[in-house]
Amino acid sequence: MPKEYKTIQEVAGPLMLVQGVEGVTYDELGEIELANGERRRCKVLEIDGSNALVQLFESATGINLSNSKVRFLGRSMELAVSEDMLGRVFDGLGRPIDKGPEILPDKRLDINGLPMNPAARSYPQEFIQTGVSAIDGLNTLVRGQKLPIFSGSGLPHADLAAQIARQAKVRGTDEQFAVVFGAMGITFEEANFFTKSFTETGAIDRTVMFVNLANDPAVERISTPRMALTAAEYLAFEKDMHVLVILTDITNYADSLREVSAARKEVPGRRGYPGYMYTDLATMYERAGRQAGKKGSITMIPILSMPEDDKTHPIPDLTGYITEGQIILSRELYRAGLEPPIDVLPSLSRLKDKGIGEGKTRADHANTMNQLFSAYARGKEAKELMVVLGEAALTDIDKLYAKFADEFEKEYVSQGYNTNRDIEETLDIGWKLLSILPRAELKRIKDEFLDQYYGK
């Protein structure tokens, strides 16, 4: 039986100081019992001699220093895992909130996970078809990759994430992804949108949801993504599933990290975020990947809304260093009515060349991808010139490029949130658009592919 302490010295906000403790370790879980028998959870933040500074998961209201007791449980935070988690909804601490039964655990896993040995990682190289042309055709997602969506407040990242969760699959197999969905600090309305979207399409049967709402405690928000990733590791590496992890919104996570850091009176770094935020984010993102000799995999799509649409803000900035690219949503395209408003030029998937080509997608993929990028960039320039100098100043070929850019946005990028295009359809639409331009302009495509597809 764990020893009980009645030596609470002070409670300040979410923090509490307990004196005279023995054998208590960093990050250990504790339980506070109030005079009326109510129990609340806490964890150890700092140990100094026989003093333990603990952080409360629930509010500190009603804790009476003289007659409340604290027990330390001798373990860090764990998640009870089993295959029955699929189709269920949990709160940020892994407790069921869908009125279903408790989970009978197969085992209990530490939510901080075990870092993957770099030598045991296998390189991501299998194409994932998301059914979204702007991703599949131009910024291809590969199994085991971390590809964040950089969005802004009010942009439809939720619609895009739900679409990917519904549609994503590895080609050549009929296996659909199991989806682990971790929501941090989102509104009830947003959480409801995801639950409804997954339920209507039947995707909920292969989805595990962890939902921490905006009015839930900040410290619970820090454990939510770790709960989600622990469930994902179990399903991927012990149950051989392909798992797609969607985390939204990393910005709320980082804000709660800052809040907790401020409560601990730590020295702040850039914009008040703690100096260890890079390390902290890396401990989450790096849990994605593939392990040598194991069938399963974890592919991760973290979503973050950039404050003031600024991609140099610390959160997107640090995320960009750790992940393999980014999909950027543009406010300008959103106002122009594109669905999804993906800005393909600054978006990037660093692993796209690993997942495309003969046997994976189609032999002409790499060539057409480069040509579409190049033509779209030139078309955008022509449109900007048109704004400044008027249409009369453009050459005939520039006018064709401007027309190409408009058609490209309308047909290729803006496909709606309910269209699921396979890769052949995406490539064919690309060819149809490239046929707007004279063949002599398509300098990035080999002749054999031009003969086969151009103008067909």
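Here the structure is a predicted model, which is why all the values come from computation and not from measurement. No hydrogens, no waters, no symmetry mates; every other heavy atom, side chains included, goes into these values.
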**Prompt:** Do His313 and Tyr273 make the cut of ring centroids closer than 6.0 angstrom?
**Reply:** yes
**Asked** Under the side chain to side chain donor-acceptor pair (under 3.5 Å) test, which residues partner Asp159, sequence neighbours left out?
**Response** none
**Message:** Can a donor-acceptor pair be found, under 3.5 Å and without considering hydrogens, that links the side chain of Asn367 to the backbone of Lys446?
**Reply:** yes
**Prompt:** Is Gln145 reaching over with its side chain to a backbone N or O of Pro124, donor-acceptor style, under 3.5 angstrom?
**Reply:** no
**Message:** If you count heavy atoms of other groups shown closer than 6.0 angstrom to CZ of Phe188, is the number above 12?
**Reply:** no
**Message:** Under the salt bridge (Lys or Arg N to Asp or Glu O under 4.0 Å) definition, can you give me all pairs with a residue in residues 209-225, not counting sequence neighbours?
**Reply:** none
Measure up the [X] and [Y] rings against each other and bin them: parallel (under 30°), tilted (30 to 60°), perpendicular (over 60°).
{"X": "Phe194", "Y": "Phe198", "value": "tilted"}
{"X": "His242", "Y": "Phe177", "value": "tilted"}
{"X": "Phe449", "Y": "Tyr453", "value": "tilted"}

**Request:** Run the salt-bridge test on Asp136 and Arg421 with the 4.0 Å N-O cut-off and return the result as yes or no.
**Result:** no
**Request:** Answer yes when Lys403 and Asp406 have at least one side-chain N-carboxylate O distance shorter than 4.0 Å, and no when they do not.
**Result:** no
**Request:** List the steps, then state whether side-chain contact (heavy atoms from CB on, under 4.5 Å) holds for Glu424 with Arg362.
**Result:** CA-CA 8 Å; Glu424 286 76 18; Arg362 205 166 75 183; 4.2 Å; yes
**Complete:** Rounding to 0.5 Å, atoms CG (Asn139) and CE (Met369) come to a distance of 8.5 Å
**Prompt:** Among all residues two or more places apart in sequence or in another chain, which pass the salt bridge (Lys or Arg N to Asp or Glu O under 4.0 Å) test with Asp98?
**Reply:** Arg88
